[in-house]
**Student:** 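Here it is, the structure, as C-alpha cells.
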Amino acid sequence: MFNRNRVTNAIFPSRSVSLSLVVGLATLLPTFSAFSSQENNLDVYPPNWWTGMQHSEVELMIFGKDVADDKVSVTEGSVQIKQSRALDSENYLFVTLDIADASPQELVLSLKDEDGSSRDIHYSLEKRAKGSSAREGFGPEDAIYLIAPDRFANGSVENDNIEGYQDKVDRTFKGGRHGGDIEGIANNLDYIKKLGFTQIWTMPMLENAMEKYSYHGYSTTDYYNIDPRFGSNDAFIELSKKANENGIGVIMDMVLNHIGSEHVWMKDTPSSDWINNNGQFVGTTHKRESLHDPHAIASDIKGFSDGWFVPTMPDLNQRNPHLANYLIQNAIWWVETANLSGIRVDTYSYPDKGFLSQWTNRIMKEYPNFNIVGEEWSVNPAITAYWQAGSQRHDDYDSALPSVMDFPLQTAVVEALNSDESWNSGFITVYETLATDFLYGDPNNLVIFPDNHDMSRIFTQLNNDKAKWNMAMTLFLTTRGIPQVFYGTEILMSNEGTEDHGIIRSDFPGGWPSDSEKNAFSGKGLSGDELWAQERVKTLLALRQTHPQLFKGELKHYAPVDGVYTYFRLAVDTAETSDQKLMVILNKKSVDLPFAKYAEILGTDVSITRVSDGQKFNASETISLPAMSANVFIVQ
C-alpha cells in the first residue's frame, strides 16, 4: 500500500534547475532527449544519480557528435571509471562509474578527442531522500484509479499544442490529442480521494513525438522527459508530492518492450543489435504460449519475443547489456525522482525473459517493499502466474515480479454474469478461476479490474445492465487482490456499438472548460443512475479504509448453488480485528437465505450489518434477497 509517512522530500534543488532546462530544450528539439550540455552538445543518461544505492555502479550513456573515440577522465570528484566503451555508432559512449564508496558530490568528466579538443560534463551524485529504499509499494488495502491523462481533465490550455510537435489538439478526432494534462489530474485529486482511491496509475506520460495517435503514450521517444503537452518533469514531481499529501501514491506506466519510431535511436542507433530484426518491421506472433510450451521450437519463441507490434513501435533487443542497463537505471531514476509507489509494466512478457529477471531483481533489491505489476494479457492462470515471484513454475526461472494483472478473473466475471446458471456456467466460472490461486506466489497481491484502457467498458461488456454492473463492481472491490478502476467506470461510461480505443477512452465529463452541461467532478448533469453508481463505488471503497485488515486477509468462498455465490474476507489476526469478517452474497434469482447455511465460516454468536443500509441481522435469521442483487455485510 501507499505509506503516508514513507518519503516526503522528492524534489532536489540541484535537479530542478537542470530539468527546467531540459523541458525547454525538448520543446525545440522533440527528437532529442535528456540532460544536455548545450555548449558541448552532449546528452547524458541518466542525467544524475545517487549514492547509497545497492548496486555499486552507474553506467552513463553519453550521446554527442563523434564522442565514441573520446578518452574519459574524472577531473573533479572522487569516483573511479570502471569502463569506457563504444559500440557501433560514432556518437555514443558508455562510461561505467564505480560509486560503491562515493559520497554525494559534483563530478566533472573530461572527454578528450584525438585532435586535442576536450569537452566537460558536470554530473551530480546526490543524497537519496530519507527512507527511499524502504518505501512501501501499493498493496491489498489500496485501490487504484487508472487515468488516460489526455482524456481526463485539461488543466492548462497553454500546453495543448507545442511548437515542433506534429500531433495537435483535436477533440473532434477520436484518435487525436484532446488536451488533458498533469495539471488537470492535480486539480482533481480531491475527487479521486473522495471516491476512496489511494493510488493513481496513468497511461504513460513520457514524450511521444509521433506524427499522430500520440495521445496514448505507448510510443516513447524520450525515456527521461515528460511530454510537454502533458506538462514537465517538475510538474510530474509536483503531482506526486501533492498526491502523497492527499494519501495517494503514484504508479508509473513503463514500456520496456518497444519505442516510438521517431525516437532518436531510429535515426542514430547505438549498436547494430539495439533493435530486433535488424531494425526492420517483422510483426510479433503474439503467441505467448511459446515461452512455456515444452514442445516449442526456438523460432516460435523468437517470433513472439523479437517481433514488433506495429511498424511505428520498433522492438527493443534487451539482450544488449547496455540497453538492458539503460532501461533498469531509467526505472530506478524515476522511482527516486518522482517518489513512486509502484510501476506498471506494459506488455510484460514480450521483452527478453532473461532481461525481465534482471530488471525485476535489480529494482526489488533497491526497494524490497516496493510493488511492480506486469501486464500479461492471458486468460490462462498458469501463464499469468508464471511471472509472479514465488509461483510454482515448470522451470527454474527467477522472477522477482511482485504482481501481475489478473486477466483470467476479469474474463471469468464477465462470462459468469452474462451466462445462465447451470452446473458448468454462471458463477461457477468465477469459482473455478479462483480455485486456481494455488498457482500464484501471492494471489492477494494480484491487480484485479472490471475493465481497463484496452478493452470495452465493463458497463458495455455487461450489455448496459445496471444490476450486472453492480454485481461485477461489488465483486472486484471486495474479493482478493488489489482493485483497479478505469476513470469513468464509476459513472457508467460505455462504448456501445464500437470497440475503438479512442471511444473507450472518451473525455471525462467536466474535465474541459467547455463542459458546461455535465460535470462528473461536481455531479452536475449526471443522471440518477450515474450518481448512484458513483456513490456505490465510494461506499465499497470506504470499506478498505475503515477495515483495511479485512483486505489483507484470506478469501474463503462457498461453491455457487442455484445462482448464489457467497464468499468471506477474514481479517488478518490482530487483537482488534481477530473476529471481523466481510461477507458478500451475489445472487441472480430472488432467494430466502438462512445465515445458518454459512455457520462454518460465519459462526453463530455474531452481529451481521449490511453495508448499504446499516440493517442488522443475527446468525439465526433468514434474509430475503431480490434477484440480481449484491449485498455486503460486516460480521463481528
Side-chain angles (χ1 to χ4, degrees), residues 1-11 129-147 149 152-153 155 182-202 205 235-253 334-344 367 369-373 402-403 444-445 447-449 476-478 481-487 489-490 508 520-522 534-552 571-572 574 576-577 611:
M1 82 166 191
F2 169 64
N3 183 340
R4 288 150 185 81
N5 299 314
R6 55 184 173 80
V7 186
T8 57
N9 182 20
I11 303 176
K130 184 179 180 181
S132 180
S133 62
R135 71 182 64 232
E136 291 188 27
F138 61 91
E141 63 272 49
D142 282 307
I144 303 168
Y145 195 59
L146 166 58
I147 298 171
F152 186 61
I182 292 172
E183 188 173 335
I185 298 171
N187 290 344
N188 292 290
L189 286 171
D190 188 55
Y191 170 80
I192 296 169
K193 180 180 180 179
K194 285 181 178 178
L195 280 175
F197 292 98
T198 53
Q199 302 283 333
I200 55 174
W201 152 33
T202 74
M205 293 194 291
F236 183 57
I237 293 168
E238 186 60 30
L239 169 66
S240 181
K241 181 181 178 182
K242 186 176 179 181
N244 291 179
E245 291 169 352
N246 281 276
I248 298 172
V250 174
I251 301 167
M252 192 172 189
D253 200 336
W334 277 113
V335 173
E336 291 284 333
T337 299
N339 192 26
L340 302 180
S341 64
I343 296 171
R344 181 264 184 182
Y367 313 102
N369 304 315
F370 196 55
N371 209 347
I372 307 170
V373 57
S403 178
N444 208 26
N445 200 38
V447 173
I448 59 176
F449 53 97
F476 281 114
L477 297 185
T478 58
I482 308 164
Q484 164 253 292
V485 176
F486 191 29
Y487 79 100
T489 293
E490 76 274 16
F508 191 72
F521 296 115
S522 67
Q534 205 174 47
E535 190 61 31
R536 181 61 173 167
V537 169
K538 187 184 299 185
T539 298
L540 291 169
L541 288 180
L543 293 170
R544 276 185 142 71
Q545 302 195 21
T546 56
H547 299 83
Q549 298 301 320
L550 288 171
F551 298 94
K552 295 179 182 179
V572 173
T574 68
E576 295 80 18
T577 65
V611 170

**Student:** Working to the nearest 0.5 Å, report the span between CD1 of I192 and CD of Q199.
**Tutor:**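 Output value for this atom pair is 11.5 Å.
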
**Student:** Could you tell me whether a side-chain N or O of S341 sits under 3.5 Å from a main-chain N or O of V250, the two making a donor and an acceptor?
**Tutor:**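 Present.
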
**Student:** Is there a donor-acceptor contact under 3.5 Å from the side chain of N339 to the main chain of V335?
**Tutor:**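 No.
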
**Student:** Keeping T198 on the side-chain end and I248 on the backbone end, is there a donor-acceptor pair under 3.5 Å?
**Tutor:**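 Checked: no pair found.
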
**Student:** So, the side chain of Q545 versus the backbone of G196: is there a donor-acceptor pair under 3.5 Å, distance only?
**Tutor:**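 Checked: pair present.
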
**Student:** Can you name the ring pair (Phe, Tyr, Trp, His ring centres under 6.0 Å) partners of Y487, sequence neighbours left out?
**Tutor:**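 If we apply the ring pair (Phe, Tyr, Trp, His ring centres under 6.0 Å) test to Y487, skipping adjacent residues, there are no hits.
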
**Student:** Holding to side-chain hydrogen bond (donor to acceptor under 3.5 Å, both in side chains), I want the full list of residues that pass it with E490, two or more places apart in sequence or in another chain.
**Tutor:**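 Only Y145, Y191 meet the side-chain hydrogen bond (donor to acceptor under 3.5 Å, both in side chains) criterion with E490.
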
**Student:** Please evaluate residues F138 and V373 with respect to the criterion side chain to side chain contact (heavy atoms under 4.5 Å, CB included), reporting the C-alpha separation (whole Å), side-chain torsions for both, the decisive distance (0.1 Å), and the verdict.
**Tutor:** CA-CA 10 Å; F138 61 91; V373 57; 4.0 Å; yes

**Student:** Any side-chain donor paired with an acceptor under 3.5 Å for S132 and E336?
**Tutor:**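 Looking only at side-chain atoms, E336 and S132 do form a donor-acceptor pair, the distance falling under 3.5 Å.
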
**Student:** I'd like to know if the side chain of R344 and the backbone of M252 have a donor-acceptor N/O pair within less than 3.5 Å.
**Tutor:**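 Side chain of R344 to backbone of M252: no pair is present.
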
**Student:** For the residue pair T202 and P149, what are the closest heavy atoms and their distance?
**Tutor:**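 T202 and P149 have their closest heavy atoms at CB-CG, 3.8 Å.
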
**Student:** Verify, without hydrogens or angle tests, whether N187 (side chain) and E183 (backbone) share a donor-acceptor contact under 3.5 angstrom.
**Tutor:**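 Here the side-chain-to-backbone pair exists.
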
**Student:** What residues, two or more places apart in sequence or in another chain, satisfy side-chain contact (heavy atoms from CB on, under 4.5 Å) together with A143?
**Tutor:**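 For A143 the side-chain contact (heavy atoms from CB on, under 4.5 Å) partners, ignoring immediate neighbours, are F197, P483, L541, R544.
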
**Student:** First locate atom NZ of K194, then atom CG of N246, and finally report the distance between them rounded to the nearest 0.5 Å.
**Tutor:**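 Rounded to the nearest 0.5 Å, the NZ-CG separation comes out at 10.5 Å.
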
**Student:** Distance from I185 atom CD1 to I200 atom CD1, nearest 0.5 Å?
**Tutor:**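 Here the interatomic distance stands at 6.0 Å.
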
**Student:** Any heavy-atom pair between the side chains of N369 and R135 that's under 4.5 Å?
**Tutor:**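 Sidechains of N369 and R135: no contact.
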
**Student:** Give the C-alpha distance, both sets of side-chain angles, the deciding distance and a yes or no for side chain to side chain contact (heavy atoms under 4.5 Å, CB included) between I343 and F370.
**Tutor:** CA-CA 9 Å; I343 296 171; F370 196 55; 3.8 Å; yes

**Student:** Minimum heavy-atom separation for F486 to Q484, with atom names?
**Tutor:**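 F486 and Q484 have their closest heavy atoms at N-NE2, 3.6 Å.
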
**Student:** Taking salt bridge (Lys or Arg N to Asp or Glu O under 4.0 Å) as the test, write out the residues that go with K538, two or more places apart.
**Tutor:**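 Only E535 meet the salt bridge (Lys or Arg N to Asp or Glu O under 4.0 Å) criterion with K538.
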
**Student:** If you measure from CD1 on I251 to OG on S240, what distance do you get to the nearest 0.5 Å?
**Tutor:**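 OG of S240 is found 11.0 Å from CD1 of I251.
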
**Student:** Taking only residues two or more places apart in sequence, or in another chain, which ones meet K242 in a salt bridge (Lys or Arg N to Asp or Glu O under 4.0 Å)?
**Tutor:**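 Result, salt bridge (Lys or Arg N to Asp or Glu O under 4.0 Å) vs K242: none returned.
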
**Student:** Nearest 0.5 Å please: distance from the CD1 atom of I448 over to the CD1 atom of I144.
**Tutor:**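 Reported to 0.5 Å precision, the distance equals 10.0 Å.
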
**Student:** What pair of heavy atoms forms the shortest contact from N188 to A153, and how long is it?
**Tutor:**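 That would be ND2-CB, 3.6 Å.
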
**Student:** Take F521 and F152 through the ring-ring contact (aromatic ring centres under 6.0 Å, His included) test and state the conclusion after the steps.
**Tutor:** CA-CA 11 Å; F521 296 115; F152 186 61; 5.4 Å; yes

**Student:** Decide yes or no for L340 and W334: does some side-chain heavy atom of the first lie under 4.5 Å from some side-chain heavy atom of the second?
**Tutor:**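 Answer yes - side chains close enough.
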
**Student:** Could you work out, with side-chain hydrogen bond (donor to acceptor under 3.5 Å, both in side chains) as the rule, every residue matching T489, not counting sequence neighbours?
**Tutor:**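 side-chain hydrogen bond (donor to acceptor under 3.5 Å, both in side chains) list for T489, sorted by chain: D451.
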
**Student:** Rounded to the nearest 0.5 Å, how far does CD1 of I182 lie from CD of E238?
**Tutor:**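 Here the rounded value is 11.0 Å.
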
**Student:** Walk me through whether N445 and N371 qualify under side chain to side chain donor-acceptor pair (under 3.5 Å).
**Tutor:** CA-CA 9 Å; N445 200 38; N371 209 347; 3.0 Å; yes

**Student:** Considering only heavy atoms from C-beta outward, does the side chain of L550 approach that of L543 to under 4.5 Å?
**Tutor:**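 Contact flag for L550/L543 side chains = no.
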
